[in-house]
Amino acid sequence: MQQAEDEDEEMGVKEEDGDEEEEDDGCFYMDPCPVSAASPTGSGGVGRANPGRRRAREEERTKLRERQRRAITGRILAGLRQHGNYCLRARADINEVIAALAREAGWIVLPDGTTFPTSSPPPAAAQVPDVAPRPPERDFAGTPYVPVYVMLPLGVVNVNGEVVDADELVGQLRVLKAAGVDGVMVDCWWGNVEAHRPQEYNWTGYKRLFQMIRELKLKLQVVMSFHECGGNVGDDVSIPLPHWVTEIGRSNPDIYFTDRAGRRNTECLSWGIDKERVLQGRTAVEVYFDFMRSFRVEFDEYFEDGIISEIEIGLGACGELRYPSYPAKHGWKYPGIGEFQCYDRYLQKNLRRAAEARGHTIWARGPGNAGHYNSEPNLTGFFCDGGDYDSYYGRFFLNWYSQMLVDHADRVLMLARLAFEGSSIAVKVSGVHWWYKTASHAAELTAGFYNPCNRDGYAPIAAVLKKYDAALNFTCVELRTMDQHEVYPEAFADPEGLVWQVLNAAWDAGIQVASENALPCYDRDGFNKILENAKPLNDPDGRHLFGFTYLRLSKVLFERRNFFEFERFVKRMHGEAVLDLQV
């Protein structure tokens, strides 16, 4: 008995409740002196056995069985960890053992315990017939392997340096690993890490999170998030810029992007201060570099071990290379054209210099007829067909405005390449697909992409990424143009045309391209569209995406039908065959 207890401690098996109902092990306790229910002495007058003594013997037998069970479980866990390469924690319980074995056998086990085979949808799917027959699907068996990553929740690490709901997260990550997911993407928030004082960094929460991910043998994509979280589509937490930065902003609000009406956008810092020493003696790009260098030093072992596969450099609003031209906090609603964000005094000073150099000081201004956040292009003098966007002044202004975006990328990527020498870096570019079917492409122009119908606005971006060997991560690859026309016909959107233009601009420049979905995606049609963009049909050069990141880990993803579709999608991205192909 003592030996069993010792083995239990050595294996570190989780203690189960002692009052839990036990299974019958085939041994029955028979009272040697049965008694009548009507009398304490029974018909033979012999007294009943001591009830307390009986309970004590039963409890002793129960404890013995429990010790034996735990010892057996401990040996199973030890064997699986030692010989089977199973990712089981030291104090795993029997449910985790069963789940690990089921996943090894090819079954899907969701966090709530729902289990079903991968070869067929969960039972609930049979009860919900499709509204219309599915279109034929391409067979991606044997196609190139495209890694799939999953974005973790925005607030997975809080400002106190704690991993939020760590146990639940580990369970979800195990399910993703069993489904074949290659890794996860994590935002490292500037506002959390350097929150209180300049160059005092708190990486504690990320160290714990990264250790959890490494133990599960998943890869890491890490985002240097130099923007605030909150106020945009999909933001479910609030993470402002560092407190010491916002204090500077109170006395000098021109460190923020500003619209024509003078409204400040505190989501990220204006590119006008990239080279201005307004952040307690440092320029903005120096602040970004110090942050990146600190991260590289703190997590050196994860780079050396190859756990960190890529660093994505945040370059603007939402971590994307763009101006914050369509902020919901200022009343923007889809499909508004947005507004130019160049009215802080630093960018205005730069605009004046550019106009003087051109010999037209009168051009040192933003357009006065470009409408408002929710305007339509044809109702403005600047963006309408034949409007001022294509005048001499309009071309000068848009060239300057878009060049500020490219120059910012150039400055930050030069320092990022120094900080992360030898590592893969990437830049995310947003998919501004509304008004793409108009001549001016107004929404792209206000976001900083000089991409009217007679000009390729993404080639200069691809060129600067090529200069620093950075990959391009593009969004909205799950959207279909026809679907957009059905929901918002007035938006003249064309996500498919935009995706094709950007992918080809990047491939023509010789840089790698990855992608992510812009909106939550759980259906087969959306996943099929991603696959079509990831592996273009009959491409003469065999070009394909080098990675895809799914937005985002949530409880909704783990609903039975949703996860079945996701797991099926991962297999096809990896070039594996699926049995239920619709042909």
Is there a donor-acceptor pair under 3.5 Å between the side chain of W189 and the backbone N or O of G155? no
Is there a donor-acceptor pair under 3.5 Å between the side chain of R417 and the backbone N or O of S423? yes
Please give me the minimum heavy-atom distance between I313 and A416, naming the atom from each residue. CD1-CB, 3.8 Å
Is there a donor-acceptor contact under 3.5 Å from the side chain of H433 to the main chain of A493? no
If only atom types and distance count, is the side chain of D182 paired as donor or acceptor with the main-chain N or O of V148 below 3.5 Å? yes
Could you tell me if Y149 and E310 have a donor-acceptor pair between their side chains, going purely by distance under 3.5 Å? no
Mind checking whether Y326 and W434 have parallel, tilted or perpendicular rings, split at 30° and 60°? perpendicular
Under the salt bridge (Lys or Arg N to Asp or Glu O under 4.0 Å) definition, can you give me all pairs with a residue in residues 139-148, not counting sequence neighbours? none
Enter the distance from E444:CD to S402:OG here, rounded to the nearest 0.5 Å. 12.0 Å
Side chains of E312 and N473: do they bring a donor and an acceptor to under 3.5 Å? yes
Are any side-chain N or O atoms of N265 and backbone N or O atoms of P327, one a donor and one an acceptor, separated by less than 3.5 Å? no
Taking the basic N atoms (NZ, or NE/NH1/NH2) and the acidic carboxylate oxygens, is any pair closer than 4.0 Å for D508 and R543? yes
Electrostatic pair E301-K207, nearest N-O below 4.0 angstrom: no
Nearest heavy-atom neighbours spanning D580 and R524: OD2-NH2, 3.3 Å
Any idea which heavy atoms bring C268 and F226 closest together, and the distance? CB-O, 4.2 Å
Distance-only, no hydrogens or angles: does the E267 side chain make a donor-acceptor pair with backbone N or O of A317 under 3.5 Å? no
Please state whether the rings of Y458 and F474 are parallel, tilted or perpendicular, taking 30° and 60° as the class boundaries. perpendicular
Exercise: do D539 and H544 side chains pair donor with acceptor under 3.5 Å: no
Whether the side chain of W271 engages the backbone of G316 through a donor-acceptor N/O pair (distance < 3.5 Å, no angle test) should be reported. no
Identify whether the distance between the nearest side-chain nitrogen and carboxylate oxygen of D305 and R214 falls below 4.0 Å. yes
Identify the two heavy atoms, one from A419 and one from R293, that lie closest to each other, and give their separation to 0.1 Å. CB-N, 4.2 Å
Under 3.5 Å donor-acceptor, N374 side chain and K333 backbone: yes
Under the 3.5 angstrom rule, does the side chain of Q484 hit a backbone N or O of D494 as a donor-acceptor pair? no
Taking the ring of Y206 and the ring of F295, is the distance between their centroids below 6.0 Å? no
Is there a donor-acceptor contact under 3.5 Å linking the side chains of Q211 and R208? no
Taking the side chain from T446 and the backbone from I337, do they hold a donor-acceptor pair closer than 3.5 Å? yes
Can a donor-acceptor pair be found between the side chains of Y145 and H574 at a distance below 3.5 Å? yes
Under a 3.5 Å threshold, yes or no: a donor from one side chain and an acceptor from the other, between K219 and S309? no
Using the rule given for side-chain contact (heavy atoms from CB on, under 4.5 Å), can you reason through F563 versus V175, listing the C-alpha separation, both sets of side-chain angles and the distance that settles it, and then say yes or no? CA-CA 10 Å; F563 197 80; V175 176; 3.4 Å; yes
Measure the acute angle between the ring planes of Y550 and F527, then classify it against the limits of 30° and 60° as parallel, tilted or perpendicular. tilted
Tell me whether the count of non-hydrogen atoms from other residues, nucleotides or ligands lying under 6.0 Å of CZ in F566 goes above 12. yes
Classify the ring geometry between W203 and F291 as parallel (under 30°), tilted (30 to 60°) or perpendicular (over 60°). tilted
Heavy-atom count check: over 12 atoms from other residues, nucleotides or ligands less than 6.0 Å from E421 CD? no
